[in-house]
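Input: a single structure, listed below in structure tokens.
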Amino acid sequence: MAHCLRRPLFSAVGLSPSFSRRCFSQLPALRAGPKAPQPSRPRQQADRSIRVLSKGMQAVPSDIGLLDMTFITPTGSNRPPLFKRPLAHLKYQWKRFAFRFRDQFSLIILWYSSPKEKNWYRRSVKLSRSTLTPTAVALHRQMYNSFAEGDVVALRKICADGLYDSFRARIGNRSRGEKVDWELVDYNKRSKLISNRAARLPIEGAAVIQAVVRIASRQKLTRWVKGKSGSMEVVPGSGKEKDVVEYVVLQRQYEGWREGEWQVWGTTQETTLDDVEEWERKALA
């Protein structure tokens, strides 16, 4: 996963970066009703849009895109330098604070608007911030182990529609008898929760919570194919350790205020000041 973010793990497993960051406002119209799975379909056609969800729909699709204007704190060169660009740096800091306040407020509103259970402070929506990072780390490992093993049943359970379609297509395109090994060698840094926000959907009792966790690790992907002698041989270029940083997007949906399981939506990238200014231009348009 190239672009200005560092998402080489998806590159290592051969997935396109084009599906990694999508927002509600960028998605095509949604048709009501179930959709038959199509292994060869590119991920972009599995996109959903919050703006076209209607009360007449029976269920909310698992892939409705990345919540619009999700702010991912930039690092390194993506962050405006204090001494070279002081005004830009101050604007960035202010926006970072504003988006964090918005995110926390969205969670509180979702929690408060959900039905009461026993007392006013016990509601259908549970906000468990402390479990988000370990959940992301566990699903991250399980997802890529399942991809390497070709376990589409496990991938169907832990991945949103678009990501699942991409994995299934990659597995289906493997050579006959090809074997894939994925290994997480080590974590380079402690995984960290970067974003956590919520949104109500225009269907009664429907909502979504999306959390972004930064995972920095050293990984290795090895592909094996049958050689001319009939024995398994390593595909040239595979089997090398790579240091990767990913911003993994977790998603939990509510339907009829019933809590769904956490799934991996995909990955996203750091937010630059240019991204923020582009959001502002679109808001004024």
Side-chain angles (χ1 to χ4, degrees), residues 1-3 5-24 26-28 30 34-50 53 59-68 70 72 132-133 135-174 180 182 184 191 194-197 199 201 208-215 217 219 221 244-253 260-269:
M1 302 178 63
H3 210 45
L5 72 164
R6 294 170 291 175
R7 294 169 291 168
L9 186 145
F10 273 92
S11 297
V13 299
L15 296 180
S16 168
S18 59
F19 65 79
S20 59
R21 184 173 183 171
R22 296 167 290 112
C23 297
F24 291 140
Q26 300 171 337
L27 307 183
L30 170 67
K35 182 181 67 173
Q38 300 182 19
S40 61
R41 176 177 292 177
R43 189 180 202 278
Q44 286 79 357
Q45 294 187 24
D47 292 346
R48 307 291 194 270
S49 173
I50 191 174
L53 293 174
V60 180
S62 70
D63 191 346
I64 56 174
L66 183 67
L67 290 176
D68 204 12
T70 294
I72 307 302
L132 292 176
T133 298
T135 299
V137 170
L139 287 177
H140 173 267
R141 185 187 290 267
Q142 182 183 354
M143 178 177 65
Y144 285 107
N145 278 326
S146 298
F147 168 75
E149 296 167 1
D151 188 350
V152 294
V153 176
L155 290 171
R156 173 67 285 177
K157 182 179 179 181
I158 63 178
C159 296
D161 290 343
L163 185 59
Y164 166 72
D165 289 343
S166 294
F167 276 130
R168 187 175 61 170
R170 295 300 303 176
I171 292 171
N173 289 334
R174 290 176 183 172
V180 177
W182 178 80
L184 195 149
S191 299
I194 302 299
S195 174
N196 185 23
R197 56 185 303 209
L201 303 179
V208 61
I209 296 177
Q210 287 185 351
V212 181
V213 176
R214 183 176 63 210
I215 300 178
S217 59
Q219 306 167 21
L221 185 85
V244 297
V245 177
E246 297 170 280
Y247 291 91
V248 179
V249 182
L250 293 187
Q251 177 176 280
R252 166 174 277 173
Q253 291 187 337
E261 297 293 332
W262 284 108
Q263 288 186 313
V264 181
W265 174 85
T267 63
T268 188
Q269 61 187 14

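The structure presented is a predicted model; accordingly, all values stated were derived computationally and were not measured.
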Q | Pairing residues for R252 by the salt bridge (charged side-chain N to carboxylate O under 4.0 Å, His left out) criterion, not counting sequence neighbours | A | E259

(Q) Are L139 and Q142 packed together at the side-chain level, in the sense that at least one heavy-atom pair is separated by less than 4.5 angstrom? (A) yes

Q) F167 vs F147 aromatic rings, parallel, tilted or perpendicular, using cut-offs 30° and 60°? A) tilted

Q.
Strictly distance-based, threshold 3.5 Å: is any side-chain N or O of S62 a donor or acceptor partner for the main-chain N or O of D161?
A. yes

(Q) Quick one: does any side-chain atom of E246 pair with a main-chain N or O of S217 as donor and acceptor, under 3.5 Å? (A) no

Q.
I need the minimum non-hydrogen distance between M143 and L155, along with the two atoms involved.
A. O-CD2, 3.5 Å

Q: Decide yes or no for T70 and V249: does some side-chain heavy atom of the first lie under 4.5 Å from some side-chain heavy atom of the second?
A: no

Q: Mind telling me whether W182 and H140 have parallel, tilted or perpendicular rings, with 30° and 60° as the class edges?
A: perpendicular

Q. Does the side chain of V264 reach to within under 4.5 Å of the side chain of L250, using non-hydrogen atoms?
A. yes

**Q.** Approximate separation, where rounding is to 0.5 Å, of I64 CD1 and Q210 CD
**A.** 6.5 Å

Q) V180: what forms a side-chain contact (heavy atoms from CB on, under 4.5 Å) with it, not counting sequence neighbours? A) A148, R174, E178, L221, R223

Q. Is there a side-chain contact between D165 and R168 (heavy atoms, below 4.5 Å)?
A. yes

Q.
Looking at every non-hydrogen atom in both residues, tell me the closest pair between S191 and I215 and how far apart they are.
A. OG-CG1, 3.8 Å

Q.
Could you work out, with side-chain contact (heavy atoms from CB on, under 4.5 Å) as the rule, every residue matching L132, not counting sequence neighbours?
A. L193, N196, A211, W262

Q.
Between Q263 (side chain only) and K157 (backbone N and O only), is there a donor and an acceptor less than 3.5 Å apart?
A. yes

Q) Between the side chains of D63 and W265, does any donor sit under 3.5 Å from an acceptor? A) yes

Q: Report yes if some heavy atom in the side chain of V208 is under 4.5 Å from a heavy atom in the side chain of Q251; otherwise report no.
A: yes

(Q) If you compare all heavy atoms of I171 against all heavy atoms of G150, which two are closest, and at what distance to 0.1 Å? (A) CD1-CA, 3.7 Å

